[in-house]
Structure formats: structure tokens, C-alpha cells
Amino acid sequence: MSQKPVRVRFAPSPTGPLHMGGVRTALYNYLFAKKHNGTFVIRIEDTDQTRFVEGAQDYIMDAMKWCKMMPTEGPGLGGDFGPYVQSERKEMYRPYAEQLIENGKGYYAFDTAEDLTAVREQAKQMGMPNWQYNSVTRGSMKNSISLPQDEVQRRLEAGDPYVIRMKMPRNEDIRLEDEIRGWVVVNTNNLDDKVLFKSDGMPTYHLANIVDDHLMEISHVIRGEEWLPSAPLHVMLYEAFGWEAPKFAHLPLLLKPDGNGKLSKRDGDRLGFPVFPTNWTTAEGDVFSGYRENGYFSGAFVNMLAFLGWNPGTTQEIFPMDELVEAFTLDRVSKSGAKFDPDKTKWFQQQYLRAENNTVLAEILQKEIEGDYPIERLAEVCRLMKERATFVKDIWTEGSFLLERPTEYDAKTTRKKWKGEAENYITEFKTILSETEDYSAENIEKVFKDYLASKEIGIGQVLPQFRLVLTGKGMGPSMFEITSFLGKEETIARIEIGVEALRKNEE
RNA sequence: GGCCCAUUCGUCUAGUGGUUAGGACAUGCGGUUUUCAUCCGUAAAACAGGAGUUCGAUUCUCCUAUGGGCUACCA
């Protein structure tokens, strides 16, 4: 068997922002292409000009860039198979539609939208909810099969609006082998005479996608499960043109976390998590939040997405992009829909945060906070705080005390711990600290423990109190690390301020 | 309604004609910790139902149920 080069495409329509499901489809295409040293193409499917949304295409490209899964062919990216926007390919489709008429696989139809609505309505009245334009009904409609040849000619010459429909044969089994689902067989009696070419001169999705996939030499069509019902039509189309069909893989759907059903953009607001990769603002000014703006790392987002419908068959869950590429195969994609889990997404983010380099984190943090602090100090803050953070911003909300003196002291801790000999112990320990030169965490710990031993008291009688005066809090990282970080001067100053403030508090 | 697809712990999933049906998230309980978080340990938790094939089915087949998708001159 000849091994054709792998070429896959992601084909969104610019009707709005790309949601998570779309991003996952793009991701699987990207992974598959990389895995096989193939090409990942992006093609914009804007054959429905009434649904065009300003900014959507830019949004899609930007989102893919953030996710680090950029295609290498597409609008603005170059490639030998352009243009990659279907509206710019408009003139290419008509000859193919006409070719279908010539070889008897398609026909002209003159029925107006009103005609069709009327017929459907009438059928519904008669108890048939699903009227279809097909081999049974086409004879009673206005088309080049039912109408006399000369009238068809006259109508065409007069410029009557028409569409071109697929002439679906009667009672034929269409078989297609899906890479994920195996053989799927559909009888043509269940398929209708789909419109392939619209009266506005544009092809429908069905025609455009076949023509473009063929012309762009696409080897594998990896798309959402919602396309499975029309896949047999697409197979018929390839046959009608005498083209070799690409391989198909239909991905399971992404489901909403509660109940059932396809994840939709409304679910995000309702349940409090983003459904979009990045923020999207509608023309009306409504903002739909994105993972990027919510503080997620793209690696965590992508890793989470990869596991919704796929797994490597091992217990490894943390996969940077290059390992994803290495491990990904279509045969490990599952068949059933996957419910999205916001908790698991947070877990991935936490894992990625913890694994990230402290200086890198500090650089992100620096952009998010107001104060102007040395990057080395911020990196230390990140080192101390990241074990107890999920997002970069948590590092600051939980750990800003490291760089800013406390202005208040946790009431509960004060009440429970700042009593008895607390002040005396802290004051004594301050004296010791003022005589200490080695402020390494190890030495502070030693000095502290020597003090405890000399007084024959327990750790709980001094350390929580020490934490309180130094940080104002009842919890946090190791006090020895904190003291070391603060340094002698700041430590002494904070003890004095803290003791004073707490004494006032008592009165 | 018709057609198509699917069905293992609450969720994501692994898995096999004979397994104590495994892991992760979340949850409960312990341990570590000055504390919180982390970390470690541990518990509870699943093969939708019914037939059939078979010595034996969670696994194979069929039926039912449930869920989902599609059913436009939308993609």
C-alpha cells in the first residue's frame, strides 16, 4: 500500500469563538500530524456568509497560538494549496457541482425556500415529521429530473435561482471504516438529496469540504462526532468524483459536567468555569471568559483537553506537548462522550504551576502586581509559596506578606496564641536573633531550637506567636524559611512592630 | 418520529472469555507539619437490564432501556 504523506486539517467556521470542543479537535489533528511528520492545515469554512462574525478568525488563530498548536498551512501562514478561506475559493466550486450534473450524480432544483417550507409543513400536518427531498419525493418537486428538458433550459437561461442537489441513489449500502468506531453502514434510503451548491453561488459545507480536502490532499479527516451522520454522503461524493476518500476519524463529544448534553458556551457562566481558551467579547459587549485570562497555563489546559477522550494506556497523566505528540494514537481515542471536569482541570494547573521554574513564575507575577520588586526576590516568593497555590495570582494573595509588612494580625490566631508568656518569649527570641549573623533557614532553625531547649518549652508556645508577629497570619510556609527570606533587619523590625500592635490590640 | 453513535466507581478512564475489575480527580478517615498547603497511607465507590453463545461472560451476539448526535440553500 502506498504511504501518502499525512496531511490533516482543522476546519472551523468563523461564526464565533472556538470553544473547548473545537480546541480539542484541533489538538488531536495537531498531534496526529506531528506524530506522523505530517502537515497540519487550517482552513476557514465560511461558506455561510450570513453567519460570519467579525473577529472570529483572528480569535481562532490567536487561541491556537496560545495553545502552541499552530498549523503550518493556512490563511496568513502560506502553503501550496491556498487560498485557505473558502469564500476566497468561491469560483472553484461551481465546475465540480456541474460535473456532478453531467455524470448524472446531481441535478438542478428550482424550489424556493418557501416551497420547501410549505411542503415540510404539509407533511408534518399529515403526521410525517421528517419530510425529505429524496428519490421518493424529488419527482413531485421542481427540478431538472421532474421538469421537461426545455423548461429546465428556459429557467436556466432566464436566470431563475437554483440549487444543485445530490441525486442520492435508492437502496444502496454505504460502508465506511471509521478509525475510531470501525465499520459504519448506512443505507442511502435514509439519506436525502442534500443541497451541494446554493443559490447564492456558494457551495454548502458538504461540497466544499470534499472538494477542498481532495485538492488539499488531506489524508485523514479528524472531526467531531456531529459529522458522523453526514459522513456517508461525503463518501458518496468522493465516489461520484472518482476520488480516493481520506480516512475518517470521528471524535467523541465533550459533555457538560452536570446532566448530559453537549458542552455549550452558556454552561461556563452557569457553572463557573471557562469554556473558551481565551476571552471573547461579543459585538454587544458581553464577555465570555477564557482559560488564559483565568490564569491557566496553556500546557495544563492542553494536557487536560488531551485526556478528555484519549489516554495513553499507562498511568502517566502529565504530558507536555512533545510527549503528547509521542504518545498520541487514534486507536486510543475513546468512543463515548466525555464529561468535562473543572476540578480535574484545576489539578492539572496546580501540577504545572508546581513544576514551573521560579524565575519564570516571578516574571509572570511581576506583570500582575503593583509593587516594583526585584525579580530574584519574587522568584524566592514563588519558591516559598507555589506548593500552596494553583494559579500564579494565588502566590501573591497568599504570600504578599513576604514583601509587604503586615498591617493587621489574624484575629483568631491572636486570640488563641497571643497570651501568657508569648510576648516575653518573642522579645527574648528577638534579642537572640539580633545577635545572630547566619540567617540561613538551617541556622535559624538551630538557633530557635536551642532557645526552646534553654527555656524548656514546646515549639507550640513560640513558633505560632513568632509567625503572627512576622506575617500577621496563622498559617503559611516554614517560619525558618520566612525568617531567612526576610533577613535580620526586617525580621527585627517586624517583631517590634508586631509586638507593639498586638499589645495595643489587647488593651 | 426516522437514522446514526454510545453505555466500567460521582467524574476521566485502564482492562480481560476465568482478575481481589486497576489508576487519577473529587470525597471520608488517619499520618507528617507550629499552622495551612504539599506529601504519604487508607476507606468507600463501577461492569445499565434481559436473553443467547460458552464449562465460564464485565468482555462475544441479539433485544430492551438510557443518554447523545444528526435530521436547513448552518457548519
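Chain letters run A, B, ... following the sequence lines, proteins first, then strands; residues in each count from 1.
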Practice task
Name the nucleic acid region contacted by A/Gly309, choosing base, sugar-phosphate or nothing; use a 4.0 angstrom heavy-atom cut-off, strictly under.
Solution key: sugar-phosphate
Exercise for the section: Quote, to the nearest angstrom, the C1' distance that separates B/A14 from B/U35. Expected result: 39 Å
Exercise for the section: Do nucleotides 32-46 of chain B as a string where each nucleotide becomes B, S or -: B if the base has a protein heavy atom under 4.0 Å, S if just the sugar-phosphate does, - if no protein is that close. Expected result: --BBBBSS-------
Handout entry: Those residues that, when tested against A/Asn187, pass side-chain contact (heavy atoms from CB on, under 4.5 Å) (two or more places apart)
Key = A/Asn171, A/Asp173, A/Asn189, A/Asn190
Practice task
List for me each residue that meets side-chain contact (heavy atoms from CB on, under 4.5 Å) alongside A/Pro71, sequence neighbours excluded, and say none if there are none.
Solution key: A/Phe40, A/Ile42, A/Met64, A/Leu77
Exercise for the section: Before accepting this row, confirm whether a basic side-chain N of the pair A/Arg155/A/Asp160 lies closer than 4.0 Å to the acidic partner's carboxylate O. Expected result: yes
Completion exercise
In Watson-Crick or G-U wobble terms, with both distances under 3.5 Å, the base opposite B/C29 is B/G41
Practice task
Look at the side-chain N and O atoms of A/Asn311 and state whether any lies under 4.0 Å from the OP1 or OP2 oxygen of B/U13.
Solution key: no
Handout entry: Which residues share a side-chain contact (heavy atoms from CB on, under 4.5 Å) with A/Ser484, sequence neighbours left out
Key = A/Ala441
Exercise for the section: Tell me what A/Val462 touches on the nucleic acid: a base, only sugar-phosphate, or nothing, going by heavy atoms under 4.0 Å. Expected result: nothing
Completion exercise
In short, side chain to side chain donor-acceptor pair (under 3.5 Å) pairs touching residues 348-357 of chain A with sequence neighbours left out are A/Asn303-A/Tyr352
Practice task
In whole angstrom, give me the gap between the C1' atoms of B/U64 and B/C25.
Solution key: 34 Å
Practice task
For nucleotides B/A26 and B/A45, find the distance between their C1' atoms and express it as a whole number of Å.
Solution key: 12 Å
Completion exercise
The Watson-Crick or G-U wobble partner of B/U54, with both key distances under 3.5 Å, is none
Exercise for the section: For nucleotides B/A43 and B/A6, find the distance between their C1' atoms and express it as a whole number of Å. Expected result: 32 Å
Handout entry: P-based separation of B/U8 from B/U13 [nearest Å]
Key = 9 Å
Handout entry: Nearest-Å distance once atom P is located in both B/G28 and B/U38
Key = 12 Å
Completion exercise
Those residues at least two apart in sequence (or on a different chain) that pass ring-ring contact (aromatic ring centres under 6.0 Å, His included) with A/Phe401 are none
I'd like a table of donor-acceptor pairs (distance under 3.5 Å, sequence neighbours excluded) in which one partner is a side-chain atom from residues 475-483 of chain A, with atom names and distances.
from     : atom 1 : to       : atom 2 : distance (Å)
A/Ser478 : OG     : A/Phe480 : N      : 3.2
A/Ser478 : OG     : A/Glu481 : N      : 3.3
A/Glu481 : OE1    : A/Arg383 : NH2    : 3.0
A/Thr483 : OG1    : A/Met479 : O      : 2.7

Exercise for the section: Could you please name the partner base of B/U20, counting Watson-Crick and G-U wobble pairs only when both distances are under 3.5 Å? Expected result: none
Completion exercise
When both distances are under 3.5 Å in a Watson-Crick or G-U wobble arrangement, the nucleotide paired with B/G1 is B/U71
Problem - Same-atom distance (P) from B/G15 to B/G31, integer angstrom - result: 38 Å
Exercise for the section: Give a yes or no on whether a salt bridge exists between A/Arg270 and A/Asp267, defined as a side-chain N under 4.0 angstrom from a carboxylate O. Expected result: yes
Practice task
Quickly work out the A/Ile180 CD1 to B/C5 P distance and round it to whole Å.
Solution key: 14 Å
Exercise for the section: Once you apply the 3.5 Å cut-off to both distances, tell me the Watson-Crick or G-U wobble partner of B/C36, or none. Expected result: none
Handout entry: Qualifying residues under ring-ring contact (aromatic ring centres under 6.0 Å, His included), relative to A/His206, sequence neighbours excluded
Key = A/His234
Exercise for the section: In whole angstrom, give me the gap between the P atoms of B/C3 and B/A57. Expected result: 32 Å
Problem - Complementary nucleotide for B/A48 - Watson-Crick or wobble, under 3.5 Å - result: B/U64
Problem - Donor-acceptor contact present, side-chain A/Thr436 to main-chain A/Ile432, <3.5 Å - result: yes
Fill in the blank from the handout: Its contact letters, B for base, S for sugar-phosphate only and - for none at protein heavy atoms under 4.0 Å, make nucleotides 64-75 of chain B read ---SSBSS-BBB
